Protein chains: 2
Amino acid sequence: MARRPTILDVAKAAGVSKSTVSLVVRGSETVKDSTREIVREAMRDLGYVYNRSAATLRSASSGLIGLVINDLRNPFFTEFAASLQMYLAEQGYATVIANTDEDPELQNRTIASLCEHGLSGLILSPAYGQEDAIAAELHKAAVPTIQVFRRLEVLGSRVPFIAPDYETGSALATRHLMDQGCKRIAFLGGLPERPVTRERMSAYLSALKDENIEPLVLTGETSRSFGRSMAPKLRQTYSDVDGVLCFNDLVALGLLAGCSEHGPRVGKDLRVIGIDDIEDCQDSHPPLSSVSCDIPNLAHTAAHHLLEWIQEGRRPDAVLRTPVSLVCRTSSTGR
Amino acid sequence: MARRPTILDVAKAAGVSKSTVSLVVRGSETVKDSTREIVREAMRDLGYVYNRSAATLRSASSGLIGLVINDLRNPFFTEFAASLQMYLAEQGYATVIANTDEDPELQNRTIASLCEHGLSGLILSPAYGQEDAIAAELHKAAVPTIQVFRRLEVLGSRVPFIAPDYETGSALATRHLMDQGCKRIAFLGGLPERPVTRERMSAYLSALKDENIEPLVLTGETSRSFGRSMAPKLRQTYSDVDGVLCFNDLVALGLLAGCSEHGPRVGKDLRVIGIDDIEDCQDSHPPLSSVSCDIPNLAHTAAHHLLEWIQEGRRPDAVLRTPVSLVCRTSSTGR
DNA sequence: CTGAAAGCGCTTACAG
DNA sequence: CTGAAAGCGCTTACAG
């Protein structure tokens, strides 16, 4: 096959200079309509494909956004990634996605490798650990970067942070369980000492304190299988528990599966609520109450702020919390 | 901040020519060890970042692999995407991912846009529809492309196809249900007339025919909510059904949720088996039997064949089926 | 509104 | 094993 046509070929075919073709490609207004049409037609005829590498080399803007995620298999992150990618595509940006599987070394190598492609921007849900190395990597990269969901202390406010307002979310959820008449409410799941765990737990703790209820914190993995494994324990060891706020929906859905096996009856003897409101909440038995983070909205916000930073140099605020809302279903209301 | 260092800066700092630096960057063997070390050190000191756009422009190989998926929110595809991305990263390739949400027009625009970045290869799980347009798009792109999971007729054998051996899988599953003593086995879910549906159904149909059992095909969405909605129907309208082969795990998991609500009792009155063996199968109640497609292996195979094509010009076979295996759990065995 | 020239940071032959 | 020159396909000023 012959080599690909370039703007020079298009220019020749259209009978204009290559500058004109370049202007048409970039959608400039300054080209006469009739000229533009002739150029477009020539591009179609020749099967011209715009070469962004060349454009990037000259203009230092690749139109590539990196998305680096600590756990892409978690449906919560999948929904985020899918939404983000669609928004960015609408704005003419391609998303380069990478999963780091909670491995900070892999994460740093990944970021380094993505930067070689000349990222226009980076959205990072960081793995924990190796914080100095990642700070160095990001500094070297010198690319507009936003952290989402998790915030690394070491990055301070140099790397803006966007996340759902989990604190309000767990306050709403805890309050809701109390309103349903729960007297003994447990917090289930989440690795201890992680900022995300502390954050979701803190409002739970203070809401209980307000009512002089003793807290019961059962930390653990953030997976379905952990939630499932805790159903028998709740029945045997903690049989007075009548309400559970879970670290996330996966833990809660696992707990629901475990309870349909061993009891207690969810919605009746035990009221359960998750966090994230992933799609599966609607199709569990019973349907799972949750704190919705409005992931599409969160993705849109992140995309919007990043592009504003890239295109207009307007750097986002150091911390942005996006709104959450309570979604009540049978698992917590009983009806 | 100063502009980024280039190989020229590195060359100056290391006291060699830029050709030498270029050789070091590309890991050539022909450079003396001591020289290589000096160059590496200079790169570190300067914070040098390799500019792939420049390299791509000259050498026409970007190291970028496109992954275009019809439904990235489905955990099956997520696992595939995550595995594939990890394998490709190990080989020094970055993955540009895009979700087309089953929209063929969006898909074609997406492919066109990815091609502007000079893809080295493309892995496509196509949306149905607009087949001529996509054929034209791929022709214009002239990039090594592999279809996975779904095969578009119009592309014929020009675009190699890799997928799990679903036919063997559904034969195994149907046979297993019979072995468990099921007398009336239904096939649940999957949009009618789609090749994927026909494929998973065909072995079910012929296995029943062998035993002179009447088939019962209940097509529908491939979602949890469809599976869930069918539980009451199975109880009321099709109460003689004692075994169900589901189009995929999502349908099966939905059915399980529906059954714990309305009966029948899964594993006892009704034996259920899914296809794909996504992670959630292990944590449902009861745990869901399924046909494992060994997604990591499938992803590895796809990555391997694509890279062989890209790097050595060895084009994969027109059709490659990867092995499947039966995973028996309580939903079909009762214990 | 359009054209001619220079240059982005690499790789690719080709000499030495 | 290393160096000097040309060129990949664009964009960016700058003239006209």
Side-chain angles (χ1 to χ4, degrees), chain A residues 2-40 42-43 46-64 92 113 115-120 142 311, chain B residues 2-40 42-43 46-64 92 113 115-120 142 311:
Chain A
R3 68 160 181 52
R4 292 202 160 169
T6 72
I7 50 168
L8 249 171
D9 301 314
V10 175
K12 206 179 294 167
V16 300
S17 85
K18 63 179 177 162
S19 305
T20 307
V21 177
S22 177
L23 289 170
V24 171
V25 179
R26 284 175 290 149
S28 161
E29 307 274 288
T30 64
V31 182
K32 223 193 302 178
D33 280 4
S34 59
T35 310
R36 189 198 326 274
E37 256 326 298
I38 293 170
V39 171
R40 289 251 167 87
M43 296 200 299
L46 295 173
Y48 169 75
V49 174
Y50 183 57
N51 183 332
R52 273 185 199 264
S53 293
T56 302
L57 182 56
R58 193 65 181 91
S59 69
S61 145
S62 65
L64 232 41
S113 139
C115 286
E116 296 183 350
H117 290 279
L119 293 186
S120 293
Q311 291 166 354
Chain B
R3 69 161 179 51
R4 293 202 159 170
T6 73
I7 50 168
L8 249 172
D9 301 313
V10 175
K12 206 180 293 168
V16 301
S17 86
K18 64 179 178 162
S19 305
T20 307
V21 178
S22 176
L23 289 170
V24 171
V25 179
R26 283 174 292 151
S28 163
E29 308 272 288
T30 64
V31 182
K32 224 193 303 178
D33 280 3
S34 59
T35 310
R36 191 200 322 276
E37 257 324 299
I38 294 171
V39 172
R40 287 250 168 87
M43 296 199 299
L46 296 173
Y48 171 74
V49 174
Y50 183 56
N51 183 332
R52 273 184 200 265
S53 293
T56 302
L57 182 56
R58 193 65 181 90
S59 70
S61 145
S62 64
L64 232 40
S113 139
C115 286
E116 297 184 350
H117 290 280
L119 293 185
S120 292
Q311 292 166 355

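Being a predicted model, the structure only gives us computed values, none of them experimental.
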Name all stems that contain residues of DNA chain C, defined as runs of 3 or more consecutive Watson-Crick or G-U wobble pairs, both distances under 3.5 Å.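 Paired runs of 3+ in DNA chain C: C:1-3 with D:14-16, C:5-12 with D:5-12, C:14-16 with D:1-3.
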Any residue meeting side chain to side chain donor-acceptor pair (under 3.5 Å) with [X], in chain and number order, not counting sequence neighbours:
X       : result
S59(B)  : none
S22(A)  : R26(A)
E37(B)  : none
S113(B) : none

Any base atoms under 4.0 Å from [X], or only sugar-phosphate, or nothing? Heavy atoms, all strands.
X      : value
S19(B) : base
S53(B) : nothing
R26(B) : base
T35(A) : sugar-phosphate

Selection: residues 10-17 of chain B, any non-hydrogen atom under 4.0 Å of DNA chain D: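 DNA chain D contact set from residues 10-17 of chain B: V16(B), S17(B).
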Could you list the residues that satisfy side chain to side chain contact (heavy atoms under 4.5 Å, CB included) with S17(A), not counting sequence neighbours?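 Residues passing side chain to side chain contact (heavy atoms under 4.5 Å, CB included) with S17(A): S19(A), T20(A).
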With sequence neighbours excluded, tell me which residues meet side chain to side chain contact (heavy atoms under 4.5 Å, CB included) with S34(A).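 Partners of S34(A) under the side chain to side chain contact (heavy atoms under 4.5 Å, CB included) test: K32(A).
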For the side chain to side chain contact (heavy atoms under 4.5 Å, CB included) test, which of N51(B), T56(B), L57(B) pairs with S53(B)?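 Only one option passes, and that is N51(B).
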More 5' along DNA chain D: R52(A) or T30(B), using each one's nearest nucleotide?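 Counting from the 5' end, the first nearest nucleotide belongs to T30(B).
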Got a list of side-chain donor-acceptor pairs under 3.5 Å for residues 5-12 of chain A, not counting sequence neighbours?
from	atom 1	to	atom 2	distance (Å)
T6(A)	OG1	L8(A)	N	3.0
D9(A)	OD2	R3(A)	NH1	3.2
D9(A)	OD2	T6(A)	N	2.8

Look only at the side chain of S62(B) and the backbone of G118(B), and say whether a donor-acceptor pair between them is shorter than 3.5 Å.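 Yes, S62(B) side chain to G118(B) backbone: donor-acceptor pair under 3.5 Å.
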Please identify the 5'-most and 3'-most nucleotides of DNA chain C with any atom under 4.0 angstrom from a heavy atom of chain A.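 Contacts span dC1(C) to dG9(C), reading 5' to 3'.
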So, for H117(A) and R52(B), which heavy atoms are closest and what is the spacing to 0.1 Å?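 Taking every non-hydrogen atom into account, CE1-CD, 3.2 Å.
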Going by the rule salt bridge (Lys or Arg N to Asp or Glu O under 4.0 Å), which residues pair with R58(B) if we only count those two or more places apart in sequence or in a different chain?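 Applying salt bridge (Lys or Arg N to Asp or Glu O under 4.0 Å) to R58(B) gives none.
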